[in-house]
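One structure is given below, encoded as structure tokens.
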2 protein chains.
Amino acid sequence: MADGVRVAPADKRRAILDAAIRVFARQGYHSTRVADIADEAGVAYGLVYHYFRSKEAVMTELFTERWSLLLDASDALYERDLRPREKLAGIARFIIDSYRHDPELMKVIIVEVTRAANSFGATHLPEIRRAYDVVSRIVADGQRDGVFRAEVDPDFVGMWFYGAIEQLLSGWVFGLIPATDEEFERAGAMVVETLCCGLERHDRA
Amino acid sequence: MADGVRVAPADKRRAILDAAIRVFARQGYHSTRVADIADEAGVAYGLVYHYFRSKEAVMTELFTERWSLLLDASDALYERDLRPREKLAGIARFIIDSYRHDPELMKVIIVEVTRAANSFGATHLPEIRRAYDVVSRIVADGQRDGVFRAEVDPDFVGMWFYGAIEQLLSGWVFGLIPATDEEFERAGAMVVETLCCGLERHDRA
DNA sequence: TGCGGTAGATTGACTGGTCAATCAACCACC
DNA sequence: GGTGGTTGATTGACCAGTCAATCTACCGCA
């Protein structure tokens, strides 16, 4: 070989995963053929099946890899000595930063897993719910400490929080709202600010 | 025929649509075969293609039929002389009532269209955005009149509002949160209440 | 140093099954 | 006998997953 460099096995595996991210992001899971992934990765068709049991297994690996980061970050944030609002802001920021850092992967995860209740969403429900659950606990703590109003169901807020943030990411993904660096900076704070304080003005007249 | 009753043509068409709702709700769009729809409707396979150009056309008809009701209701609500909060509550209530009235159809619309950004969601983006847009306008009006805080981007709230409500419906659809009659009654009001007033307590000490 | 041997990586042609859509025939009523 | 509704077998395309063959790096041994 000209350069004498041989790609280590692990790198081919990684190359397949990275190629899958790009192709899934571009065409969606259902419209991508396993051949597309192999082509994009520059490997033979069969090699995908050498490293992964199935096309589905590729997707699952991509999801689990990233989602466990979110879960770990959420847990860490929950344990820290912060006000509820700051914890929520931390989670929002982590998700948005994930998107800034790797928009294609986040697009795939949100579009194909988190919001795909019929396919991967069903398979990974437990992990997805674990993320909601951290938010619920933060809210419940806030209620216990008298910072948050007691009438709102914490589980309900957990889902709401993720529903809102995912919708926001969807907006970026599909160009419905501007995706500038400035927007990213503001968006996370704005979600939490609005969630905590509401839309209405509360003037002390 | 024993009962001498002949089903009118239009009824067969309707029977196919109704059957499609049930099958799509049960198995999801991608896992339902056209044969499943025909079987469920009690008609021959080919008749589906007599009334509809394709499997996709069946789904499109289901979506458009219902979504236009939502659009009309939203527009009507927008025109009425109500406070912004009441208009938002009206929309939330309409969506939730739609779900109570026909949970299977709403499940299909949300799971397969509204949140399926890669398939039908892309096709029907304009109509979907029209719904978000009404909310945005309500918020913008509220800001103009000084009822709502000015810092929040109305477009952003439009997406948020739907993201939250759809997540809530998803929760009911998949049994993540209790779907009792009482819950339905409270849920719509709670979304709007929380959105407008925020989670935090605003005591006038 | 050179040489069989082996395990794991890599290749891509092929198979088996699935399913949307077509179509030619059939039926019932006017 | 004609029109519009109705039937279901057939077709043709598509594609996930299999598999037998090939390649390459490296090891033990003389």
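Numbered from 1 within each chain, the chains take letters A, B, ... in sequence-line order.
- Less than 4.0 Å separates DNA chain C from no heavy atom of any residue of residues 16-27 of chain A.
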Any chance you could list the contact pattern along nucleotides 13-25 of chain C? Use B for base contacts, S for sugar-phosphate-only contacts and - for none, protein heavy atoms under 4.0 Å, 5' to 3'. B-----SBBB---
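- For B/His50 and D/dG5, the shortest distance from a side-chain N or O to OP1 or OP2 is below 4.0 Å.
- Between A/Asp11 atom CG and C/dT10 atom C1' there is a gap of 15 Å when expressed in whole angstrom units.
- OP1 or OP2 of D/dT6 lies within a sub-4.0 Å distance of a side-chain N or O belonging to B/Lys12.
- With sequence neighbours excluded, the residues that form a side-chain hydrogen bond (donor to acceptor under 3.5 Å, both in side chains) with A/Glu151 are A/Arg149.
- For the pair A/Met59 CE and D/dA16 P, the interatomic distance rounds to 15 Å; values are reported in whole Å.
- The residues B/Glu193 and B/Arg186 are annotated as not salt-bridged, no charged nitrogen and carboxylate oxygen being separated by less than 4.0 angstrom.
- Under the 3.5 Å distance criterion, the side-chain polar atoms of B/Trp160 are left unmatched by any main-chain donor or acceptor of A/Leu168.
- Using a 4.0 Å cut-off between charged nitrogen and carboxylate oxygen, B/Glu61 and B/Lys55 do not count as a salt-bridge pair.
- Inter-residue side-chain proximity for A/His30 and B/Ser119 is flagged as unmet; no heavy-atom pair is nearer than 4.5 Å.
- Checked for salt-bridge contact, A/Glu79 and A/Lys87 miss the test: no charged N lies under 4.0 Å from a carboxylate O.
- In this structure, the helix from C/dT1-D/dA30 to C/dC30-D/dG1 shows an angle of 10° between the axis at its start and the axis at its end, each fitted on 5 base pairs and rounded to 10°.
- Taking CG of B/Leu17 as the reference point, atom CZ of B/Arg22 lies at 11.0 Å (rounded to 0.5 Å).
- Inspection of the A/Tyr132 and B/Gln167 side chains reveals an N or O donor paired with an N or O acceptor under 3.5 Å.
- One atom, CG of A/Leu47, and another, C1' of D/dC19, lie 14 Å apart when rounded to the nearest Å.
- By the side-chain hydrogen bond (donor to acceptor under 3.5 Å, both in side chains) test, B/Glu104 is found to be paired with no residue, residues two or more places apart in sequence or in another chain being considered.
- Between A/Asp141 and A/Arg137 there is no salt bridge, since no side-chain nitrogen of the basic residue lies less than 4.0 Å from a carboxylate oxygen of the acidic one.
- Remark: B/Asp72 engages no residue in a side-chain hydrogen bond (donor to acceptor under 3.5 Å, both in side chains) (not counting sequence neighbours).
- If you measure from atom OH of A/Tyr29 to atom P of D/dC15, you get 13 Å, rounded to the nearest angstrom.
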